[in-house]
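The structure presented is a predicted model; accordingly, all values stated were derived computationally and were not measured.
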Amino acid sequence: PAAKALSQPRPRLLIADAVGLGKTIEVGILLSELIRRGRGRRILVVTLKSVLEQFQEELWARFTIPLVRLDSVGLERVRRRIPANHNPFYYFDRAIISIDTLKKDDKYRRFLEQCQWDAVVVDECQHVAVRARAGSKQRSQRSKLAELLARTSEALILTSATPHDGKKESFASLMNLLEPTAVADEQDYGAEDVQGLFVRRFKKDVQAQVKG
């Protein structure tokens, strides 16, 4: 996945490998390369609250990438230390935050709109996909937030072992986060339209590579 992403002018990729193949490690390899190439100074990782601490620890233990944990308490602590009109997301260059912390407060969205990131990682990205129900598309707060982050980042890394819920519109919304012109008609597109935007492998696919 890192080689595939780095071969693009802008590294933007959905890592959709099956459970157990080490998506967090693949993210760490890619971020490490971006940092070494001078393209990873400002990094934001957005994940579910339940795995936030684990993700943070793994990137530090394996790759020595320090991510400041910005939960609601952490953000308020930063805001108390800086002038009222200053943006807390300028305060740290590398941060990790839960998507629910971001989505529940409009002021965080306003701060994010003013930020640019070298790389944004959205873990378990199926939760930010647009849901298609009864012929209509429903954009949740999470999906609107993902669209904002996609616009304000150079590199975008999405991860999910279950990126497809069976609805073409839902998967197309993830592809269009990576490349806004990838899918023109969300109900009518083929594999050739999204080629190069994702990596999807199962254990059988990498068995020979990890032998022994």
Side-chain angles (χ1 to χ4, degrees), residues 1-31 33-34 37 39-40 44-48 51 55 99 103 116-210:
K4 192 177 187 75
L6 291 165
S7 68
Q8 303 168 347
R10 297 172 75 205
R12 298 171 81 89
L13 187 72
L14 164 61
I15 302 176
D17 286 347
V19 173
L21 292 191
K23 286 182 290 299
T24 307
I25 292 173
E26 291 167 355
V27 168
I29 292 169
L30 177 48
L31 290 178
E33 280 298 317
L34 289 172
R37 297 173 188 213
R39 300 172 67 187
L44 179 67
V45 176
V46 181
T47 186
L48 297 180
V51 296
F55 205 110
I99 195 158
K103 78 170 190 182
Q116 289 291 324
W117 302 93
D118 292 321
V120 167
V121 178
V122 181
D123 187 42
E124 301 291 350
C125 66
Q126 70 270 20
H127 296 289
V128 305
V130 174
R131 298 299 172 197
R133 294 195 184 107
S136 67
K137 291 189 299 184
Q138 295 192 349
R139 277 185 155 71
S140 64
Q141 286 178 302
R142 286 176 173 181
S143 65
K144 290 175 184 173
L145 182 63
E147 288 171 4
L148 167 61
L149 291 172
R151 290 196 305 272
T152 56
S153 65
E154 179 69 11
L156 179 62
I157 309 161
L158 309 179
T159 74
S160 174
T162 55
H164 207 304
D165 65 354
K167 302 282 195 309
K168 296 188 84 169
E169 299 93 334
S170 177
F171 189 71
S173 73
L174 294 178
M175 296 296 96
N176 281 340
L177 286 178
L178 298 167
E179 173 51 66
T181 61
V183 179
D185 185 343
E186 295 177 348
Q187 294 183 339
D188 183 23
Y189 64 96
E192 66 281 357
D193 296 307
V194 295
Q195 194 172 11
L197 291 176
F198 68 94
V199 174
R200 175 84 163 151
R201 299 172 302 173
F202 298 90
K203 287 184 180 176
K204 62 180 174 60
D205 300 318
V206 298
Q207 208 160 9
Q209 295 174 37
V210 299

Calculate, to the nearest 0.5 Å, the distance between atoms CD and NZ belonging to E186 and K167 respectively. 14.0 Å

In sequence, state the C-alpha distance, the side-chain angles, and the governing distance for V51 and D123, and then conclude on side-chain contact (heavy atoms from CB on, under 4.5 Å). CA-CA 9 Å; V51 296; D123 187 42; 3.7 Å; yes

For L21 and F202, what are the C-alpha separation, side-chain angles and deciding distance, and is it a side-chain contact (heavy atoms from CB on, under 4.5 Å)? CA-CA 8 Å; L21 292 191; F202 298 90; 5.6 Å; no

Is a donor from one side chain sitting under 3.5 angstrom from an acceptor on the other, for E179 and T181? yes

Donor-acceptor pairs under 3.5 angstrom involving side-chain atoms of residues 10-20: please list them, not counting sequence neighbours.
{"from": "R10", "atom 1": "NH2", "to": "S153", "atom 2": "O", "distance (Å)": "3.1"}
{"from": "R12", "atom 1": "NE", "to": "L178", "atom 2": "O", "distance (Å)": "2.7"}
{"from": "R12", "atom 1": "NH1", "to": "S153", "atom 2": "O", "distance (Å)": "2.9"}
{"from": "R12", "atom 1": "NH1", "to": "E154", "atom 2": "O", "distance (Å)": "3.1"}
{"from": "R12", "atom 1": "NH2", "to": "A150", "atom 2": "O", "distance (Å)": "2.9"}
{"from": "R12", "atom 1": "NH2", "to": "L177", "atom 2": "O", "distance (Å)": "3.1"}
{"from": "D17", "atom 1": "OD1", "to": "R201", "atom 2": "N", "distance (Å)": "2.9"}
{"from": "D17", "atom 1": "OD1", "to": "R201", "atom 2": "NE", "distance (Å)": "3.3"}
{"from": "D17", "atom 1": "OD2", "to": "R201", "atom 2": "NE", "distance (Å)": "3.3"}
{"from": "D17", "atom 1": "OD2", "to": "R201", "atom 2": "NH2", "distance (Å)": "2.7"}

Do Q126 and P163 have side chains that get closer than 4.5 Å, going by heavy atoms? no

Could you report the tightest heavy-atom contact between L48 and R142, atom names first, then the distance? CD2-NH2, 4.3 Å

Walk me through it: do L30 and L6 pass the test side-chain contact (heavy atoms from CB on, under 4.5 Å)? CA-CA 8 Å; L30 177 48; L6 291 165; 3.8 Å; yes

I'd like to know if the side chain of N176 reaches the main chain of V183, judged simply by a donor and an acceptor atom lying under 3.5 Å from each other, with no hydrogens or angles considered. yes

Under 3.5 Å, sequence neighbours excluded: what are the donor-acceptor pairs made by side chains of residues 189-198?
{"from": "Y189", "atom 1": "OH", "to": "K168", "atom 2": "O", "distance (Å)": "2.7"}
{"from": "Y189", "atom 1": "OH", "to": "A172", "atom 2": "N", "distance (Å)": "3.4"}
{"from": "D193", "atom 1": "OD2", "to": "G190", "atom 2": "N", "distance (Å)": "2.8"}

Please check: side-chain N/O of S173 versus main-chain N/O of S170, any donor-acceptor pairing under 3.5 Å? yes

Distance-only, no hydrogens or angles: does the T152 side chain make a donor-acceptor pair with backbone N or O of L148 under 3.5 Å? yes

Testing V128, L149, T47 one by one against I99 for a side-chain contact (heavy atoms from CB on, under 4.5 Å), which residue passes? V128

Which distance, rounded to the nearest 0.5 Å, do you find between the CG of D118 and the CZ of R39? 9.0 Å

Nearest heavy-atom neighbours spanning K4 and V199: CD-CG2, 3.3 Å

Charged N to carboxylate O under 4.0 angstrom, R131 versus D165? yes

Quick check for you: to the nearest 0.5 Å, what is the distance between L174 atom CG and S160 atom OG? 7.5 Å

